[in-house]
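Some notes on the structure that comes next.
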2 protein chains.
Amino acid sequence: MLLRHVRTGRARSRADLVALTGASRNTVSARVDQLISANLLEEGGRGWSTGGRPPTLLRFNSRAGCVLAVDLGVTSVDVAVTDLSAQILGTVGHPIDIADGPAPVLAEVDRLAQQVLAEVGLTPADVCAVGVGVPGPVEFSTGRPSHPPIMPGWHDYPVPSAFGRYDCPVYVDNDVNVMALGEMGVAGSVQDVLVVKVGTGIGCGVIVDGRVYRGAQGSAGDIGHIHVAQPDGRTVACRCGQDNCLEAIAGGGALLRDAIAAGLPVATVREVVRLAAQGDGVALGLVRDAGRTIGTVLASLVNFFNPHRIVMTGGVAQAGVPLLAGIREAVYRRSMPLAARALEITVSEAPDLSGRVGAALMAIEEYLDEDSVQALAR
Amino acid sequence: MLLRHVRTGRARSRADLVALTGASRNTVSARVDQLISANLLEEGGRGWSTGGRPPTLLRFNSRAGCVLAVDLGVTSVDVAVTDLSAQILGTVGHPIDIADGPAPVLAEVDRLAQQVLAEVGLTPADVCAVGVGVPGPVEFSTGRPSHPPIMPGWHDYPVPSAFGRYDCPVYVDNDVNVMALGEMGVAGSVQDVLVVKVGTGIGCGVIVDGRVYRGAQGSAGDIGHIHVAQPDGRTVACRCGQDNCLEAIAGGGALLRDAIAAGLPVATVREVVRLAAQGDGVALGLVRDAGRTIGTVLASLVNFFNPHRIVMTGGVAQAGVPLLAGIREAVYRRSMPLAARALEITVSEAPDLSGRVGAALMAIEEYLDEDSVQALAR
DNA sequence: GGACTAATGGTCAGAAGTGAGCAAAAGTCT
DNA sequence: AGACTTTTGCTCACTTCTGACCATTAGTCC
């Protein structure tokens, strides 16, 4: 509990901790000593005086261990080793096909993990926790995917079992939830945030009060299949079987399809995004249109959810400004002024990293809440 | 804390409390004794044995005090006195015009409150807390309305000051949030619920984990002005200045307007609802259409929020089955099966009471969390 | 009736946190 | 240099909660 305050930067000294927790100086002092002797905290010199004795600064010892972060995508997987502040020490990626099923894919993950660990000079015994993001719904408590539509063969597969090599807890969650944690950053602010991932599909991580909101069946944030009316009455079929789903109109797949139809020389979404970034008029128009469509949906969600912030991430979000422009245009036009006025809409600063960082953060947070660590500090 | 478990029915004996709180028998026993001597709990005979000595049942003593519940509407106000289980002991209503401003309206409320108190044989000194629901946004911590669109003259008025006669805390909140509490019931389940009020306007109370969710600016649940595409391309102006807001198309005002346009002999929404209840074909059609329109919006919210339950309330909700039919049709057609399958959509059992019950519950919950009561139990 | 079981009460030593008080350290301000 | 302030460490009496143990009560099961 004290650890959390220091890690998130809310407290930098014992005195801060006393003020924050309301506990007595006595208790705080004792606990801090325990944490220091358990090597989870360090003293870090003196701070700036405010008229009296300057505080002894406390620092979270992020070198006290490392975690394995796995960002499993549909066509590729990224594995990273980070310290306990989610700083990436080493990382490696590899193309895969998620449809090959859990056994071969996770064997590849295992190989990559050993490779990265070796690169940064660590051994499996140094790993304190493993965090995995997968592109589909997951029963968080068991780490088993639950009827994932784009991960055939993965239903109910015990993903944690693939990390038996590491004698530590393994946490598995939906990639969008994981990314949402990554976008929150280690700052751990207690805000209500939407993290919208626009990749091939469209998903949304929902943060209520700084924590992931999952809903009744754990499917909250599934905005990719919200029905969108087309102004021209056009009907677009979605892979889910319905018509006019958001992601069928404004997702990465749709963007690529429309780009090809418009005669652009592209074969992947990434190329469309690159063209837009280079200022190609047609690509810009397509991206902006996608932004507008996404914006109409987000406008409704802003009215309903009244978030502090919306962060865009995923491959298409790398298009940046033109996408944002379309989204902002639609949101500010159609949301209630009270909710829209203070709303920040931004693009992730490192959309390609947030999966790994988020997986690491999830692992770190859960690990540090573990009873075993609590006991270590005694 | 123990009180909450007993009140919500999660614990019925000391043994239950030990299991629920994880505290030692010793501690629980002492605390329970304190609560009994503070008259907040009662022993209530023996329970059903499960092989050994049967438990001594504990009951929350709902007669330990009473609360004042005020449901302030646009055209009427209802005042009730309830016990600490939100059971209504006496109630009275009166037509008002909220636009008359706070002073005359609250004077009337004060008069009504004294009248009800006298009827049930209680005095102002017996009142432990006051709960007020108002039809507009409220800064909860101060009890002041915040730029309410349909309460001219109420902005920043300190509503609690009108209850100086009662030497107790006064809690003021948006009527939809209050109703949402009422619909949750005293059961206090930790679920994610949407309570949708369809009256003249349309609003939505959002319950996350059994508690009211308010969002960044406190305007969460403001779904009345979500933009809805009209299939025929028609444009309907809303009082908010935008076009095609949900409540401009499917709210009570819209329903009345359309009913008159269709030639029905009605002058109020209530009459349209009554006609529909009597089986009038045209009225039924209008209500069902409104349900469908509301359903399309709720379908999006179901995908996003994945609630356990949706409860419909407010004047139009009294139409019951035809409204529900329209909503269910749209929701089940357009929401993801995983989220929709387990979703319950119901109509409030007593839409006209939930405002008062909710206001009472809000007052009770906040009051029992007060430090003064905690101290009383010492 | 007798064995067993579950719920409760009471006692007591020990662990943990609280609050107050005192002292020392290391700055700022005059 | 001396007064003052803030941070930290340490002690000590006091309170609260815990866990263990034993006893009592009031049921069920055989």
Side-chain angles (χ1 to χ4, degrees), chain A residues 1-6 9-61 369-378, chain B residues 1-61 369-378:
Chain A
M1 205 170 284
L2 294 183
L3 253 185
R4 170 158 294 138
H5 283 118
V6 177
R10 282 195 290 268
R12 302 165 48 83
S13 70
R14 292 170 176 80
D16 286 351
L17 285 172
V18 169
L20 273 168
T21 62
S24 69
R25 280 195 296 284
N26 216 330
T27 313
V28 169
S29 230
R31 278 247 176 280
V32 167
D33 287 351
Q34 286 163 355
L35 288 170
I36 288 177
S37 67
N39 208 24
L40 287 168
L41 282 183
E42 293 175 322
E43 293 195 334
R46 307 228 163 266
W48 212 58
S49 166
T50 55
R53 168 174 173 175
T56 312
L57 295 186
L58 296 176
R59 251 207 327 259
F60 177 63
N61 179 14
D369 283 351
E370 281 272 311
D371 290 344
S372 57
V373 180
Q374 303 290 326
L376 198 78
R378 292 279 154 87
Chain B
M1 205 168 283
L2 293 183
L3 254 185
R4 169 157 295 140
H5 283 117
V6 177
R7 279 177 48 227
T8 58
R10 282 194 289 268
R12 302 165 48 81
S13 70
R14 292 169 175 82
D16 287 350
L17 285 172
V18 169
L20 274 168
T21 62
S24 69
R25 278 194 297 283
N26 217 330
T27 312
V28 169
S29 231
R31 278 248 174 280
V32 168
D33 286 350
Q34 286 163 356
L35 288 170
I36 288 177
S37 66
N39 209 24
L40 287 168
L41 282 183
E42 292 175 322
E43 294 196 331
R46 306 223 163 269
W48 212 59
S49 165
T50 55
R53 171 174 172 175
T56 312
L57 295 187
L58 296 176
R59 250 207 327 259
F60 177 62
N61 180 14
D369 283 351
E370 281 273 311
D371 290 343
S372 56
V373 180
Q374 304 290 325
L376 198 78
R378 292 281 151 87

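Note that the coordinates shown come from a computational prediction; the quantities given were computed from them, not determined experimentally. Naming: A, B, ... by sequence-line order, numbering from 1 per chain.
Here A:R25 pairs with nothing under the salt bridge (charged side-chain N to carboxylate O under 4.0 Å, His left out) rule; sequence neighbours left out. Applying the side chain to side chain donor-acceptor pair (under 3.5 Å) criterion to A:R14, with sequence neighbours excluded, gives A:E43. Listed by chain and residue number, A:D369 satisfy the salt bridge (charged side-chain N to carboxylate O under 4.0 Å, His left out) test with A:R4 (two or more places apart in sequence, or in another chain). In this view, A:D33 satisfies the side chain to side chain donor-acceptor pair (under 3.5 Å) rule with no residue, not counting sequence neighbours. Residues passing the salt bridge (charged side-chain N to carboxylate O under 4.0 Å, His left out) test with B:R46, sequence neighbours excluded: none. Listed by chain and number, the residues in a side chain to side chain donor-acceptor pair (under 3.5 Å) with B:T21 amount to none (sequence neighbours excluded). A search for side chain to side chain contact (heavy atoms under 4.5 Å, CB included) contacts involving A:N61 returns A:N39, A:E42, A:R63, A:A64, not counting sequence neighbours.
Look at CH2 on B:W48: it is 10 Å from C1' on D:dT28, rounded to the nearest Å.
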note = Given protein heavy atoms under 4.0 Å, the one-letter contact record of nucleotides 4-12 of chain D, with B base, S sugar-phosphate only and - none, is simply -BBBBS-BB
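The minimum heavy-atom distance between A:S24 and A:T27, with the atom names listed, is OG-OG1, 2.8 Å.
Neither OP1 nor OP2 of D:dC17 sits under 4.0 Å from any side-chain N or O of B:T27.
Axis angle across the helix from C:dG1-D:dC30 to C:dT30-D:dA1, with five pairs used at each end and values rounded to 10°: 30°.
B:A23 comes within 4.0 angstrom of sugar-phosphate atoms only, judged by non-hydrogen atoms across all strands, and of no base.
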